[in-house]
Amino acid sequence: MSNTDDLSLKGRFHEEIRKLKVLKGKARLQYIWDYYKPLMAIILGIVLVITIIAQMVHNSKIDTVLSVAILNGAGFDEESQEPLINGFAEYAGITLDEWTEVSIDSSMTMDPGQMDTYTMSSMTKIMAMSGSGSLDVMLMPESVFEYYAKRGMFENLEDVLPADLMEQNKARLRMEAQYTEEEQSENMNEMRDGLESEKEPAGEKLPYGVEVERSGALVDLCPYEPVIAAVSVSAANRENAVKFVQYLLH
């Protein structure tokens with residue numbers, strides 16, 4: 001920068017200071033807003049980008065050992081989630097710290113019989129979580145379980161839970177058959193034609209879910225009964241997902 005440019009900058013700086021000294025009250029604030037608004041917008045944008053990048057870097061270092069979705073829950077409340085998170089961590093022998101977490105998302109609301117804005121938004125989020133491998137276990141009302149079980153969303157519990165635990169809880173098991181591609185296509189065609197009812201799958205019914213006791217921490221998190229637990233077929237933390245269902249049944 002040349003000396004002339006340097007003097008010019010100093011001159012403009014002193015001129016701005018002089019103007020600010022002359023203006024009073026609202027006039028001074030209005031001048032600052034009008035004159036410096038573009039600069040403040042740029043600074044705010046830079047701060048926002050830095051914040052987002054910092055959050056992404058922080059999240060990339062976090063090891064999520066279990067991701068649980070509670071459908072039609074009581075909303076997002078970290079304090080009410082803590083007993084469930086801490087109880088499971090102790091049961092599974094997991095040490096939670098700044099970089100190790102159990103994630104519970106109770107923000108989604110669904111009514112498969114309505115297909116309103118909330119339901120569609122929640123379905124989109126569930127599919128995104130499942131597709132990214134960030135959905136291990138779902139806790140939900142019976143109607144939501146039936147909807148997703150028919151569409152191949154859950155593991156057959158016979159394949160993941162111990163036989164003795166299955167036997168102990170056989171009265172609590174929820175049996176469903178899954179749609180074939182042909183059946184699903186037929187249902188979609190009926191929906192497009194304005195027909196509301198869906199035909200039931202014709203295949204074998206298998207235990208894709210189990211009713212868990214609505215007690216302890218679940219009283220505050222699940223304002224409905226029965227509460228059905230199921231393990232996602234896309235679970236990235238399958239071992240901990242199974243342990244979590246065992247914890248809810250123990």
Side-chain angles (χ1 to χ4, degrees), residues 64 66-73 75 103-161 163 166 169-212 222-242 244-245 248-249:
T64 301
L66 179 71
S67 178
V68 179
I70 299 179
L71 277 296
N72 295 12
S103 171
I104 296 180
D105 188 336
S106 56
S107 65
M108 292 169 280
T109 302
M110 277 187 62
D111 181 357
Q114 293 293 329
M115 291 299 172
D116 55 15
T117 302
Y118 295 107
T119 295
M120 296 302 293
S121 174
S122 296
M123 283 183 170
T124 301
K125 188 172 183 179
I126 286 291
M127 292 308 296
M129 292 174 69
S130 178
S132 65
S134 57
L135 177 61
D136 298 317
V137 177
M138 287 175 62
L139 301 179
M140 69 213 105
E142 198 122 32
S143 61
V144 176
F145 164 75
E146 290 172 359
Y147 178 87
Y148 278 121
K150 292 172 182 177
R151 289 161 175 79
M153 188 78 169
F154 306 129
E155 289 278 6
N156 178 355
L157 294 181
E158 292 175 327
D159 296 334
V160 295
L161 289 182
M166 292 287 288
N169 293 278
K170 61 182 179 181
R172 293 174 171 268
L173 296 175
R174 292 299 189 271
M175 314 292 287
E176 281 294 339
Q178 293 182 2
Y179 286 122
T180 63
E181 289 186 12
E182 184 178 348
E183 289 170 333
Q184 183 70 0
S185 177
E186 187 176 344
N187 282 330
M188 291 295 291
N189 290 335
E190 289 184 353
M191 288 174 64
R192 281 195 293 268
D193 292 338
L195 302 176
E196 295 182 1
S197 61
E198 287 187 325
K199 294 180 179 179
E200 290 294 310
E204 180 185 5
K205 290 192 173 184
L206 297 171
Y208 292 108
V210 61
E211 180 183 346
V212 296
C222 300
Y224 51 82
E225 286 187 291
V227 178
I228 312 300
V231 177
S232 171
V233 292
S234 63
N237 303 293
R238 185 161 304 183
E239 182 178 347
N240 284 335
V242 172
F244 184 71
V245 175
L248 295 176
L249 293 172

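Predicted, not measured: the structure shown is a model, and the values here were computed from it.
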**OP:** Could you pull out the closest heavy-atom pair between Arg151 and Tyr179, with the gap in Å?
**Re:** NH1-CE1, 3.8 Å
**OP:** Take atom CE of Met175 as the centre, draw a 6.0 Å sphere, and report whether it contains more than 12 heavy atoms from other residues, nucleotides or ligands.
**Re:** yes
Subject >> Minimum heavy-atom distance Leu135-Ala69, with the two atoms named >> reply: CD1-CB, 3.6 Å
Original post:
Is the number of heavy atoms from other residues, nucleotides or ligands within 6.0 Å of OH (Tyr118) greater than 12?
Top reply: no
Original post:
To the nearest 0.5 Å, how far apart are CD in Glu176 and CG in Leu206?
Top reply: 10.5 Å
Subject >> Closest contact, heavy atoms only, Pro207 versus Glu158 >> reply: CG-CG, 3.5 Å
**OP:** With Met108 as reference, evaluate Met123, Met129, Met138 under the side-chain contact (heavy atoms from CB on, under 4.5 Å) test and give the passing residue.
**Re:** Met129
Subject >> Heavy-atom side-chain contact between Glu155 and Val242 under 4.5 Å >> reply: no
**OP:** Take Phe244 and Asn237 through the test side-chain contact (heavy atoms from CB on, under 4.5 Å) and record every step on the way to the result.
**Re:** CA-CA 10 Å; Phe244 184 71; Asn237 303 293; over 6 Å; no
Original post:
According to the salt bridge (charged side-chain N to carboxylate O under 4.0 Å, His left out) rule, which pairs have a member within residues 119-147, sequence neighbours left out?
Top reply: Asp105-Lys125, Glu142-Arg174
Original post:
Is there side-chain contact between Lys150 and Gln184, with heavy atoms separated by less than 4.5 Å?
Top reply: no
**OP:** Provide the closest heavy-atom pair for Pro112 versus Ser143 in the form atom of the first, atom of the second, distance.
**Re:** CG-O, 3.8 Å
**OP:** For residues Gly209 and Ile228, report the shortest heavy-atom separation together with the two atoms involved.
**Re:** CA-CG2, 4.1 Å
Original post:
Does one side chain, of Ser134 or Ser67, offer a donor that lies under 3.5 Å from an acceptor on the other?
Top reply: no
**OP:** State the OH-OG1 distance between Tyr147 and Thr119, to the nearest 0.5 angstrom.
**Re:** 9.5 Å
Original post:
Quick one: CG on Asp116 to OG1 on Thr109, what's the gap to the nearest 0.5 Å?
Top reply: 9.0 Å
**OP:** Give a yes or no answer on whether the side chain of Glu183 reaches the backbone of Ala202 with a donor-acceptor pair at less than 3.5 Å.
**Re:** yes
Subject >> Separation of Gln178 CD from Asn156 CG (nearest 0.5 Å) >> reply: 8.5 Å
**OP:** Drop me the distance from Asn169's CG to Leu161's CG, to the nearest 0.5 angstrom.
**Re:** 8.5 Å
**OP:** Spell out, as yes or no, whether a donor-acceptor pair under 3.5 Å connects the side chain of Ser234 to the backbone of Ser130.
**Re:** yes
Original post:
Out of curiosity, Glu211 CD to Glu225 CD, how far, rounded to the nearest 0.5 Å?
Top reply: 7.5 Å
**OP:** Without swapping roles, check the side chain of Thr124 against the backbone of Met120 for a donor-acceptor pair under 3.5 Å.
**Re:** yes
**OP:** Heavy atoms only: give me the nearest Ser122-Met110 pair and the separation to one decimal.
**Re:** CB-CG, 3.6 Å
**OP:** Taking side chain to side chain contact (heavy atoms under 4.5 Å, CB included) as the test, write out the residues that go with Ala128, two or more places apart.
**Re:** none
**OP:** Classify the angle between the aromatic ring planes of Phe145 and Phe154 as parallel (below 30°), tilted (30 to 60°) or perpendicular (above 60°).
**Re:** parallel
Original post:
Within a strict 4.5 Å, meaning less than it, do heavy atoms of the Leu248 and Val227 side chains meet?
Top reply: no
